[in-house]
Structures are given as structure tokens and as C-alpha cells.
Trainee: 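Sharing a structure below in C-alpha cells format, with a few things to ask.
First the proteins, then the strands, lettered A, B, ... as listed; each starts at 1. Computed from heavy atoms alone, side chains included, the values below leave out hydrogens, waters and symmetry copies.
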Protein chains: 2
Amino acid sequence: MSFTYEYAHPAVTVDCVVFGYDATDLKVLLIQRKLEPFKGRWSLPGGFVQINESLEDAARRELSGETGLGKLFLEQLYTFGEPKRDPRERVISVAYYALVKLTDHALQAASDAEDAAWFPVAELPKLGFDHERIVETALRRLKAKVRYEPIGFELLPEKFTLGELQRLYETVLEQSLDKRNFRKKLLGMELLEALDEYQRDVAHRAAQFYQFNRARYEQLRKRGFNFEL
Amino acid sequence: MSFTYEYAHPAVTVDCVVFGYDATDLKVLLIQRKLEPFKGRWSLPGGFVQINESLEDAARRELSGETGLGKLFLEQLYTFGEPKRDPRERVISVAYYALVKLTDHALQAASDAEDAAWFPVAELPKLGFDHERIVETALRRLKAKVRYEPIGFELLPEKFTLGELQRLYETVLEQSLDKRNFRKKLLGMELLEALDEYQRDVAHRAAQFYQFNRARYEQLRKRGFNFEL
DNA sequence: TCAAAAGTGTTAACCATACACCCATGC
DNA sequence: GCATGGGTGTATGGTTAACACTTTTGA
């Protein structure tokens, strides 16, 4: 079967920068390529957009194969379309970035018969295509967005301590934050629900667990409230 | 001549939301379609991406036909790819938005033998395709971005008064601003150079002209300065 | 008893906001 | 002389930033 057009058409792919966080590191999910070009090289999960699916559907379809879970934060990042970015043919890539709760769906080493692995963003291997540029763009976006939208919670388990939340922000923003001011600010927003639950078996005072109240956030946002780090 | 592929390929277009400002209104450049689909309907300037040009080159090429000038602020906005957004075939549109100094290259009514016109954003006609959604997205981006990057100047002539600048911000943000606080803030950033030049033939005290010092901005930004409305 | 992280308030500096009058000019 | 927008300073309240010690727990 083949498809013929009067004018040259580019191929269109989606590529996904999937971020996870595991208590110390911000990580990105990579796939080891089995085929040329860039055979053996690590690269972003992604694939061709089918002719009848939306871009976001394509991204979710590719991800459900890799991460196992469909329910994740997903947002369009940028579209990369330099003529020579793929050596085979003209390929325009619509990049998405996703945030997943690593702790929930435990680090599934490899899925979909692909060789998939999580890499700390500070120690990425050499990537195929222009994927390093895509990761950089995603990191920049994440760093900016985490400050003015409550998306940090997408990287943590449902229940988390304020210490965990603070470390997450410190990791993503690459700067340390004052503990008292951080707590004051976050609790002051009234977006976090304190749970009657505490850490156990820790070699220090057990921290209280909290959870993010999304409904409350949506409610406040309608009244003009803006989240800010 | 024709092009054949093993898999179905979508067509890829760029569509541009070109903003201009004329002392009272924020305006968008529209083109009246000469062909089906949506013949006679107003829509965004744009066209197919050629197989060997980058996305941004395609956007600039389309715009140079419409606006006459190539030198303008241009930034990728978002990629729209719902399967049915074009009735002819699957078309993925990479949208850009541009800011032009209307006053410099005087309102050229129509160019490129197309019927082009500027419409105030508050009075847009019904648009073809999903272009209303694209304009909305562009407006949202412009409103957000104008607050934390000095792009408002792209819509004004090289030399402008503080009153003109304030009215521009009030128009884009759809809110009135306090004159004294506005001046204090803008002048405090030290991004504006006061010129030895004043309005003439105005029926009130002549305002001083200023110009934006981009080099100074880049310099400050490297040292961690962030523009903020 | 030590190490490790949790939890907790106050102060000072800074920034944002609100607000009103005189000035210069053309008609 | 009147209408129009230009230009200017201060006081207040709120927000942010800096800062150190006690508590709890397991090893």
C-alpha cells in the first residue's frame, strides 16, 4: 500500500520528554534505538503520528507502551522542524513533555520489548537526532512552569511530606530554598491537605504527610488566585 | 509530478497571527480567502511548508508577502493537529505569532494581490478553519508574555512616549494602570533611553520621546535581571 | 547519646499600591 | 481660558528574606 500526493509531504512524529523524580534526582526516560539511524543510541520515546489521530493522542499512545500508565500530565512543548534533523526524510517532530509519579508505578525497567531506562538529567548519554536540544527545551519549560503552576505534585506520590516537596523544588530549580519560608508559603496557599498520617521507621522525627487538593486549586484559580513558587 | 510514501503523510502548514497596534487598538492581520474551502471567509495568513525550508523560514516567507517587511518579532506559538481541522486532507498547522510596528511600515492595505486587512481583536469576523482558536491562543500568549518580556516595544515605533507605552500595555492587558507607578517602574529598570526630542503640534504639553535599549536589556538579563511589567 | 530531618516566629528591608495637583500647549 | 494629556512624590501596607533552636526517632 502506498500514498501519493501532488506536493511533497513531510513525515510528522511526536517525541516525548518524560520526567520522573526519585527522591534525589530528576530523571528522563530514554529508549535505546534498535534500528538505523542512530542504532544503539539512546533517544526520546516517540513515533509517527497516525493519519487519523490527534497529536496528543499520538503522544499518549507512544507513552502508554513505554510507561505502562496512561494517566499522566502531558503538555505540548514545541515543534522541531529543521529540514535535516532526520537523515532519512523530512521529519517534523511535535515534542511533548510528561510528568510521571515514579514511585506509584515502580520503575519498570523495560517494557514493550524495548530497552528503556531512566537517566538523571545531569548524566544523560549522547542522544540521537536533535533530541538533546529537545530535552534542553523541556527542562527550561519545566523550570519555568513549576514556579507558576502547581505541577510539581505530578512528580510526587499522592501523599508526600513537605520536606519531599521542598527537595523536589530544589532539584528542579537547582537552587536551595529556605525551609521556614517554603513551608509558610505553601501552607499559606491552602492547597495542601494535612493528613493524619506520619512517616514510619525513619531515623528522625516522623514527618506529616500532605496531599494536593486539586479541586481547591481550580476553585481558587477561578477567583483570580495564581500559584507562585 | 507527484510524491509517493509507504505511509500516509499529513500536510504541514504554518499560520501566522500578526499583531499590530495603532494608538487605540490591538489589531490582527487577516486575509480574505480566494479559494475553497472557506472561500470569501477571512483567515490567518499562512501556507504550506516547503520540503526544504525550516518552519520559521516558512512563516517568514508567508509574512514577507503580506506585510512587506521581513524584520519582525516572530515566535512559534503552538501546533494544531486535530484530524478534521481542514476538510480537504489531514493538515497539521504550526502556528506562529508576530509583532509588527504598524506605524513604521504604514498600513499597506493589500499586498501580494491578496485581500488583506487589519481587524481590531475585539471585532474579528468569523474565521475559517480553527483559526479563531489559534487567535485566542495567540492573544493569551501575548497577554502573558508582555508582562515578563520586553516585547511590547515591538508594537511601537522606535521612538515613543511613556504615555503611548502605557496605553499599549493597557490595551493588551485589558486593564488600566496607574500613571505614576507605571513610569516609576519602567524608568527604574533603566531600559529606556530618554531622547532630546519632544512631541510637536500637540494640544497639550509635549511629551518626551524614549527608545528601548535592547543591548542594555541583554546585558542586565545576563546578570539575572528579569523584566516584569 | 548521636545523627538526621521535622517543626516552628520574628524582624527588617523592600516593593507595590493608592492617591492629587500643577504644567505646557493648541485651539 | 479651556481642554488635553504630561509630569511629579509620599505614605502605607503587604510581601519577601534572613535567620537558629528544639523535637522526635532509630541506630
Side-chain angles (χ1 to χ4, degrees), chain A residues 21-24 103 146-148 156-157 159-171 173-211 220 223-229, chain B residues 21-25 103 146-148 156-157 159-171 173 175-211 220 223-229:
Chain A
Y21 173 76
D22 77 347
T24 49
T103 40
V146 90
R147 301 192 80 115
Y148 63 87
L156 288 178
K159 302 171 180 182
F160 50 84
T161 68
L162 291 179
E164 287 166 351
L165 185 62
Q166 183 178 343
R167 274 187 294 279
L168 164 67
Y169 275 101
E170 288 178 332
T171 303
L173 296 174
E174 297 179 284
Q175 67 179 247
S176 56
L177 303 169
D178 179 88
K179 181 164 59 157
R180 278 175 289 189
N181 293 337
F182 180 82
R183 292 171 160 254
K184 216 183 308 167
K185 191 155 200 173
L186 267 289
L187 294 176
M189 290 180 188
E190 306 195 82
L191 294 174
L192 298 185
E193 264 169 45
L195 303 174
D196 267 334
E197 212 170 324
Y198 294 80
Q199 287 180 322
R200 274 184 289 179
D201 305 316
V202 288
H204 54 77
R205 180 167 168 182
Q208 189 169 17
F209 282 107
Y210 289 81
Q211 68 184 15
L220 287 173
R223 300 183 195 154
F225 166 83
N226 278 302
F227 179 89
E228 202 175 332
L229 154 62
Chain B
Y21 174 76
D22 75 348
T24 49
D25 280 316
T103 41
V146 90
R147 303 193 80 114
Y148 63 88
L156 288 178
K159 302 171 181 181
F160 50 84
T161 68
L162 291 179
E164 288 165 352
L165 185 61
Q166 183 179 344
R167 275 187 295 279
L168 165 67
Y169 275 101
E170 289 178 332
T171 304
L173 296 174
Q175 67 178 249
S176 55
L177 302 170
D178 179 88
K179 181 164 57 158
R180 278 175 290 190
N181 294 337
F182 180 82
R183 297 165 84 93
K184 215 184 309 169
K185 191 156 201 173
L186 267 289
L187 294 176
M189 290 181 189
E190 306 194 83
L191 293 174
L192 298 185
E193 263 170 44
L195 303 173
D196 266 334
E197 213 170 323
Y198 294 81
Q199 287 180 322
R200 275 184 288 178
D201 305 317
V202 287
H204 53 77
R205 180 168 167 183
Q208 189 168 17
F209 281 107
Y210 289 81
Q211 68 184 15
L220 287 173
R223 300 183 196 154
F225 166 83
N226 278 302
F227 179 90
E228 201 174 333
L229 156 61

Trainee: Tell me, please, which residues at least two apart from B:Lys185 pass side chain to side chain donor-acceptor pair (under 3.5 Å).
Mentor: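 Here no residue qualifies.
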
Trainee: Holding to side-chain contact (heavy atoms from CB on, under 4.5 Å), I want the full list of residues that pass it with A:Glu228, two or more places apart in sequence or in another chain.
Mentor: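 Once residues adjacent in sequence are excluded, A:Glu228 has no partner under the side-chain contact (heavy atoms from CB on, under 4.5 Å) criterion.
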
Trainee: Going from CG on B:Leu177 to OH on B:Tyr169, what distance comes out if it is rounded to the nearest 0.5 angstrom?
Mentor: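 Here the interatomic distance stands at 10.0 Å.
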
Trainee: At how many degrees, to 10°, do the end axes of the helix from C:dT1-D:dA27 to C:dC27-D:dG1 meet when each uses five pairs?
Mentor: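 About 0°, once rounded to a multiple of 10°.
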
Trainee: Just to verify, what does B:Glu190 make a side chain to side chain donor-acceptor pair (under 3.5 Å) with, not counting sequence neighbours?
Mentor: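 With sequence neighbours excluded, B:Glu190 shows a side chain to side chain donor-acceptor pair (under 3.5 Å) to no residue whatsoever.
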
Trainee: Could you tell me which residues satisfy side chain to side chain donor-acceptor pair (under 3.5 Å) with B:Gln166, sequence neighbours excluded, listed by chain and number?
Mentor: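 For B:Gln166 the side chain to side chain donor-acceptor pair (under 3.5 Å) partners, ignoring immediate neighbours, are B:Glu170.
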
Trainee: Check each residue of residues 199-207 of chain A for a non-hydrogen atom within less than 4.0 Å of any atom in DNA chain D, then write out the ones that pass by number, or none.
Mentor: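 Going residue by residue through residues 199-207 of chain A, the ones with a heavy atom under 4.0 Å of DNA chain D turn out to be A:Val202, A:Ala203, A:His204, A:Arg205.
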
Trainee: Which of these, B:Leu156, B:Leu165, B:Leu187, sits in a side-chain contact (heavy atoms from CB on, under 4.5 Å) with B:Tyr210?
Mentor: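 Option passing the side-chain contact (heavy atoms from CB on, under 4.5 Å) with B:Tyr210: B:Leu187.
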
Trainee: Below 4.0 Å from chain B heavy atoms, what is the first contacting nucleotide of DNA chain C and what is the last?
Mentor: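 It runs C:dA16 to C:dG26.
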
Trainee: Who are the ring pair (Phe, Tyr, Trp, His ring centres under 6.0 Å) partners of B:Phe160, not counting sequence neighbours?
Mentor: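 Applying ring pair (Phe, Tyr, Trp, His ring centres under 6.0 Å) to B:Phe160 gives B:Phe153.
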
Trainee: I need the residues from residues 177-184 of chain B with at least one non-hydrogen atom less than 4.0 Å from DNA chain D; give them sorted by number, or say none.
Mentor: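 DNA chain D contact set from residues 177-184 of chain B: B:Lys179, B:Arg180, B:Arg183, B:Lys184.
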
Trainee: How long is the span from the CG atom in A:Leu162 to the CZ atom in A:Arg167, to the nearest 0.5 Å?
Mentor: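 Output value for this atom pair is 10.5 Å.
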
Trainee: What is the first contacted nucleotide of DNA chain D and what is the last, in 5' to 3' order, if contact means an atom lying under 4.0 angstrom from a heavy atom of chain A?
Mentor: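 That gives a stretch of D:dT16 to D:dG26.
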
Trainee: Sequence neighbours left out, what passes side chain to side chain donor-acceptor pair (under 3.5 Å) with A:Asn181? Give chain and number order.
Mentor: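 Side chain to side chain donor-acceptor pair (under 3.5 Å) list for A:Asn181, sorted by chain: A:Asp178, A:Lys184.
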
Trainee: Show which side-chain atoms of residues 194-209 of chain B pair as donor or acceptor with protein atoms under 3.5 Å away, not counting sequence neighbours.
Mentor:
from	atom 1	to	atom 2	distance (Å)
B:Glu197	OE1	B:Lys159	NZ	3.1
B:Gln199	OE1	B:Ala207	N	3.1
B:Gln208	NE2	B:Leu195	O	2.9

